[in-house]
Amino acid sequence: MLTLDKNQSAKYFLLELLSEQTRLRDSAAILKRKHGPKLDQGWAALGEQSMEDVNLYDDWMEYQGIQMTLKDLGNRILEIRRGDFSFA
């Protein structure tokens, strides 16, 4: 059985997080190309635009979720890079 020390484990976990971050950024970029700056607006601000584009709501919700996840990933990556991590 292979045993990794805490530092190696953190580096491996960091690589996984960075990979996920890249994947999510690519997904957000695709949605952004499709809908433009509409995705950064609040849903209420979209008003009539949302009626015209039936996929906008689904894409807007997905984009908001991606942005929240990217923020969380950024915080986790920063913690690992600072060395403020713990493994249970």
Side-chain angles (χ1 to χ4, degrees):
M1 181 174 156
L2 177 65
T3 304
L4 300 175
D5 69 9
K6 195 174 190 177
N7 208 17
Q8 287 174 314
S9 296
K11 287 179 183 178
Y12 176 77
F13 190 58
L14 179 60
L15 288 175
E16 291 292 320
L17 292 176
L18 290 170
S19 174
E20 181 68 5
Q21 185 181 49
T22 299
R23 187 187 68 77
L24 289 171
R25 283 182 177 160
D26 290 346
S27 295
I30 290 168
L31 291 171
K32 202 68 157 152
R33 279 193 299 273
K34 182 177 178 183
H35 296 288
K38 295 178 199 176
L39 296 178
D40 294 317
Q41 298 177 12
W43 183 248
L46 291 176
E48 291 181 21
Q49 294 176 22
S50 63
M51 299 293 188
E52 297 170 9
D53 188 348
V54 293
N55 294 319
L56 180 58
Y57 179 74
D58 290 338
D59 290 346
W60 182 85
M61 287 294 291
E62 183 178 355
Y63 183 79
Q64 300 307 312
I66 288 170
Q67 293 305 314
M68 288 179 6
T69 304
L70 282 170
K71 185 177 179 180
D72 180 55
L73 282 173
N75 290 335
R76 293 167 70 189
I77 290 167
L78 186 60
E79 287 172 4
I80 291 172
R81 286 182 171 161
R82 286 183 181 162
D84 302 334
F85 50 86
S86 61
F87 296 96

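None of these values were measured; they are calculated from a predicted model.
Residues that satisfy the salt bridge (charged side-chain N to carboxylate O under 4.0 Å, His left out) test with K34, not counting sequence neighbours, are D59. With sequence neighbours excluded, no residue forms a salt bridge (charged side-chain N to carboxylate O under 4.0 Å, His left out) with D58. Residues that satisfy the side-chain hydrogen bond (donor to acceptor under 3.5 Å, both in side chains) test with R23, not counting sequence neighbours, are E20.
Contact record, F13 with I80: CD2-CD1, 3.3 Å, taken as the closest heavy-atom pair. Between Q67 and A28, the shortest heavy-atom contact is NE2-CB, 3.7 Å.
If you take CH2 on W60 and CG on D40, they are separated by 11.0 Å, rounding to the nearest 0.5 Å. One distance of note links CG of L70 with OG1 of T22; it measures 9.5 Å at 0.5 Å rounding. If you take CG on L17 and CG on L24, they are separated by 10.5 Å, rounding to the nearest 0.5 Å. Here the straight-line distance linking atom CD1 of I77 with atom CG of D72 works out to 9.5 Å at 0.5 Å rounding. Here CG of L46 is found 10.0 Å from NE2 of H35. Values are rounded to the nearest 0.5 Å. Distance check: L78 CG to R82 CZ gives 4.0 Å after rounding to the nearest 0.5 Å.
Side chains of Q21 and R25 form a contact here, defined as non-hydrogen atoms less than 4.5 Å apart. Within the 4.5 Å cutoff, no side-chain heavy atoms of L73 are placed close to those of L18.
No side-chain donor-acceptor contact under 3.5 Å links W43 to the backbone of M61.
Hydrophobic clustering, with ILVMFWY side chains joined whenever heavy atoms are under 4.5 angstrom apart, keeps L56 apart from I30.
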